Amino acid sequence: MAPEPPPPRASYRTTGSTCLHPLSELLGIPLDQVNFVACQLFALLAALWFRLYLHPAKSSPAVRHAFATILGTYFVIFCFGWYSVHLFVLVLMCYGILVTASVSSIHRYTFFVAMGYLTICHISRIYIFHYGVLTTDFSGPLMIITQKITTLAFQVHDGLGRRAEDLSAEQHRLAIKVKPSFLEYLSYLLNFMSVIAGPCNHFKDYVAFIEGRHTHMKLLEVNGKHKDSHSLPEPSPTGAVMHKLCVTLVSLLLFLTLTKTFPVTCLAEDWFVQEADFPTRLCYLYVVMQASKPKYYFAWTLADAVNNAAGFGFSGVDKDGRCCWDLLSNLNIWKIETATSFKMYLENWNIQTAAWLKCVCYERVPWCPTVLTFILSALWHGVYPGYYFTFLTGVLVTLAARAVRNNCRHHFLSSKALKCVYDLVTWAVTQLAVSYTVAPFVMLAAEPALSLYTSMYFYLHIISLLIILFLPIKPQAHLQRQPQTANSVNKKKTD
């Protein structure tokens with residue numbers, strides 16, 4: 001079972017700042033959550049100031065790097081107190097590897113040190129040391145920094161340790177040809193816009209943003225013929241920020257109502273496990289899992305808005321000529337809630353983590369990429385047994401869903417009516433399958449997860465295994481994983 005929290009009377013104790021304790025008691029919200037929201041709201045205001053008064057046209061990159069780093073460091077100390085030492089230790093250790101290791105091995109050393117340190121912190125925080133205090137979970141920012149550190153190391157390796165013709169088009173675009181300076185390195189990892197809640201982003205995109213090349217670079221990617229793009233007006237993020245703040249507010253309201261009405265602990269109660277019939281369990285499981293989403297929608301959308309407010313996150317112009325600010329978005333709520341396949345759901349949930357897994361694992365391992373990627377994802381999230389229940393179940397469901405789609409979908413494309421029926425059925429199946437798969441992730445401990453799956457008769461595990469055994473995965477589904485090399489892309493252009 002997960003360790004029990006300290007008694008409520010000690011809720012003011014934290015390794016972070018206690019100056020907002022009166023506000024915490026007034027609102028009835030734990031102090032760690034109040035500190036988190038306060039930092040993010042202050043970061044939003046600081047981001048607006050940063051974009052207007054430390055604009056690249058007015059300030060040097062060094063000044064922007066320094067301000068972003070100093071304020072981010074303060075946020076870390078404010079939220080986590082002495083726990084923040086873990087973040088600084090990891091950052092400094094991996095910088096030592098960056099400047100001393102050979103480019104042929106830099107990615108391996110960095111990956112094992114960063115993931116090893118993160119795993120040790122996960123284990124010690126949960127199973128070894130019980131500090132007896134309530135504090136914001138410092139492993140969250142440590143996980144984001146681990147993503148950034150390893151991404152940077154792989155991209156340095158791509159730029160300095162591999163031949164250009166061996167890289168995929170995306171690897172070639174993001175490859176780093178010159179190792180970052182210490183200030184650039186600290187700013188990338190500890191900047192106030194993403195140090196608390198992410199998201200992970202690419203080093204070249206971040207440096208382009210700091211130096212004022214970000215929006216013009218994206219405009220050129222959209223239309224390479226626009227050589228005079230520097231004369232175009234700079235896109236304003238105001239509309240995107242306001243929209244995301246509205247989503248954040250709605251998510252907060254849902255969290256304060258829906259989430260507390262249907263807590264995940266209901267899934268371990270006797271009436272659910274022993275008394276409710278199977279259809280009731282299935283429907284209630286879906287409702288509870290829906291109720292657990294708003295906190296993620298809130299945190300990730302607010303983090304996205306903070307980056308956009310600073311002018312970071314512009315991704316180009318869509319087909320209708322509208323400016324898009326979704327480069328750093330961690331989720332697409334509409335596509336999540338309307339997903340008609342497990343793949344579509346995963347592609348729109350925790351998007352930046354999925355991109356990181358693809359960068360450091362899926363594209364690079366020679367065998368069993370799906371299985372190894374799920375294992376890495378579980379290890380990165382932590383050491384609670386529930387994570388491993390979820391990700392191992394996810395492997396089965398992913399392979400089964402791929403087999404069904406490859407073997408059955410084309411039979412329903414002959415008419416709009418059949419396609420509509422197919423989409424409706426696959427939507428319902430996908431949403432229920434996701435609820436079943438992620439329930440242990442939210443429950444954390446092994447006992448309630450096993451109790452839940454036993455009460456559901458392990459139905460999805462059994463169905464997935466039968467599908468994998470009797471429905472072959474067509475070869476072309478695997479071949480789509482093979483990345484295009486930069487040379488192959490250039491050859492297509494010349495052809």
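Numbers for residues simply follow the sequence, beginning at 1. Just so it is clear, the model here is predicted, and its values are computed rather than measured.
With sequence neighbours excluded, the residues satisfying ring pair (Phe, Tyr, Trp, His ring centres under 6.0 Å) with F154 are H107. Remark: A197 engages F36, Q40, A303 in a side-chain contact (heavy atoms from CB on, under 4.5 Å) (not counting sequence neighbours). Here L424 pairs with nothing under the side-chain contact (heavy atoms from CB on, under 4.5 Å) rule; sequence neighbours left out. In this structure E347 satisfies the salt bridge (Lys or Arg N to Asp or Glu O under 4.0 Å) test together with K343, sequence neighbours excluded. Qualifying side-chain contact (heavy atoms from CB on, under 4.5 Å) partners for P263, counting only residues two or more places apart in sequence or in other chains: T265, C266. The salt bridge (Lys or Arg N to Asp or Glu O under 4.0 Å) check on K293 picks up E337, with sequence neighbours excluded. Scored by the ring pair (Phe, Tyr, Trp, His ring centres under 6.0 Å) test, W334 finds no partners at all (sequence neighbours excluded). By the ring pair (Phe, Tyr, Trp, His ring centres under 6.0 Å) test, F298 pairs with no residue at all, sequence neighbours left out. For Y206, the side-chain hydrogen bond (donor to acceptor under 3.5 Å, both in side chains) criterion is met by S187, not counting sequence neighbours. Annotation: salt bridge (Lys or Arg N to Asp or Glu O under 4.0 Å) contacts of K244 (sequence neighbours excluded): D304. Take F209 and apply the ring pair (Phe, Tyr, Trp, His ring centres under 6.0 Å) test, not counting sequence neighbours, and it matches F312.
Listed for the Y286 side chain is no donor-acceptor partner under 3.5 Å among the backbone atoms of S435. Here the side chain of S84 pairs no donor or acceptor atom with the backbone of I77 at under 3.5 angstrom. Between the side chain of Y95 and the backbone N or O of L186, no donor-acceptor pair lies under 3.5 Å. In this structure, the side chain of S124 engages the main chain of C121 through a donor-acceptor pair within 3.5 Å. With K204 contributing its side chain and R173 its backbone, the two residues share a donor-acceptor pair below 3.5 Å. Side-chain atoms of N348 do not come within 3.5 Å of backbone N or O of L331 as any donor-acceptor pair. One N or O on the side chain of S24 and one on the backbone of L31 form a donor-acceptor pair closer than 3.5 Å. Listed for the T280 side chain is no donor-acceptor partner under 3.5 Å among the backbone atoms of A276. At least one donor-acceptor pair closer than 3.5 Å links the side chain of W380 to the backbone N or O of M143. Under a 3.5 Å cut-off, the side chain of R281 and the backbone N or O of M456 do not form any donor-acceptor pair.
With ring centers used as reference points, F80 lies 6.0 Å or more from F138. For F391 and H381, the distance between ring centers is under 6.0 angstrom.
In this model, a donor atom of one side chain and an acceptor atom of the other lie less than 3.5 Å apart for H55 and E234. Defined by atom type and a distance below 3.5 Å, a donor-acceptor pair is present between the side-chain atoms of S194 and N191. Between the side chains of D326 and S315, a donor-acceptor pair is found at a separation under 3.5 Å. Using a 3.5 Å distance cut-off with no hydrogens or angles, the side chains of H65 and E184 do not pair a donor with an acceptor. A donor-acceptor contact closer than 3.5 angstrom links the side chains of Q171 and E363.
Ring geometry for Y387 against Y384 counts as perpendicular: the plane angle is over 60°, on a 0 to 90° scale with 30° as the lower cut. Classified by interplanar angle (parallel below 30°, tilted 30° to 60°, perpendicular above 60°), the ring pair F50/F192 is perpendicular. Relative ring orientation between F314 and H214 is described as perpendicular, the plane-to-plane angle rising above 60° on a 0-90° scale split at 30° and 60°.
Residues N350 and W300 have side chains in contact (heavy-atom distance under 4.5 Å, counting atoms from C-beta outward). Counting heavy atoms from C-beta outward, S251 and V247 have side chains that approach closer than 4.5 Å. Residues R64 and P56 meet the side-chain proximity criterion, which asks for heavy atoms closer than 4.5 Å. The closest side-chain heavy-atom distance from L376 to V360 is below 4.5 Å. Between V250 and Y297 the shortest side-chain heavy-atom distance does not fall below 4.5 Å. Side-chain atoms of V264 and M289, non-hydrogen and from C-beta on, do get closer than 4.5 Å to each other. L20 has its side chain within reach of F78: a pair of non-hydrogen atoms, C-beta onward, lies under 4.5 Å apart. Between P180 and L152, the closest side-chain pair of non-hydrogen atoms falls below 4.5 Å.
To the nearest 0.5 Å, atoms CG (L92) and CG (L189) are separated by 10.0 Å. In this structure, OH on Y362 lies 14.0 Å from OG on S377, to the nearest 0.5 angstrom.
Within the structure, every pair that satisfies the side chain to side chain donor-acceptor pair (under 3.5 Å) test and touches residues 108-119, not counting sequence neighbours, is listed here: H86-Y117.
The number of heavy-atom neighbours closer than 6.0 Å to CZ of F112, taken from other residues, nucleotides and ligands shown, is 12 or below. A 6.0 Å sphere centred on CZ of F42 holds no more than 12 heavy atoms belonging to other residues, nucleotides or ligands.
Minimum interatomic distance between K58 and L52 (heavy atoms only, all atoms of both residues): NZ-O, 3.0 Å. Closest approach of L327 to Q352, counting heavy atoms only: O-NE2, 3.3 Å. Across all non-hydrogen atoms, the minimal contact from W325 to S236 is NE1-O, 3.6 Å. Smallest separation of non-hydrogen atoms from S292 and V442: OG-CG2, 4.3 Å. Across all their heavy atoms, P22 and C19 have their closest contact at CD-O, 3.7 Å. Between Y436 and F458 the shortest heavy-atom distance is OH-CA, 3.2 Å.
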Check the pair Y388 / F374 against side chain to side chain contact (heavy atoms under 4.5 Å, CB included), numbers first and verdict last. CA-CA 9 Å; Y388 296 88; F374 271 104; over 6 Å; no
Derivation of the side chain to side chain contact (heavy atoms under 4.5 Å, CB included) call for T301 and N330: CA-CA 8 Å; T301 306; N330 230 343; over 6 Å; no
Output, in order, the C-alpha distance, side-chain angles, deciding distance and verdict of salt bridge (charged side-chain N to carboxylate O under 4.0 Å, His left out) for D205 and R213. CA-CA 9 Å; D205 288 333; R213 299 180 287 106; over 6 Å; no
Verify side chain to side chain contact (heavy atoms under 4.5 Å, CB included) between L90 and I145, making sure each step is shown before the conclusion. CA-CA 8 Å; L90 179 59; I145 285 180; 4.3 Å; yes
Evaluate the criterion side chain to side chain contact (heavy atoms under 4.5 Å, CB included) for residue pair Y453 and T393; output intermediate values, then yes/no. CA-CA 11 Å; Y453 278 163; T393 302; 3.7 Å; yes
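Under the 6.0 Å distance and 45° angle rule, K148 does not count as a cation-pi partner of F203.
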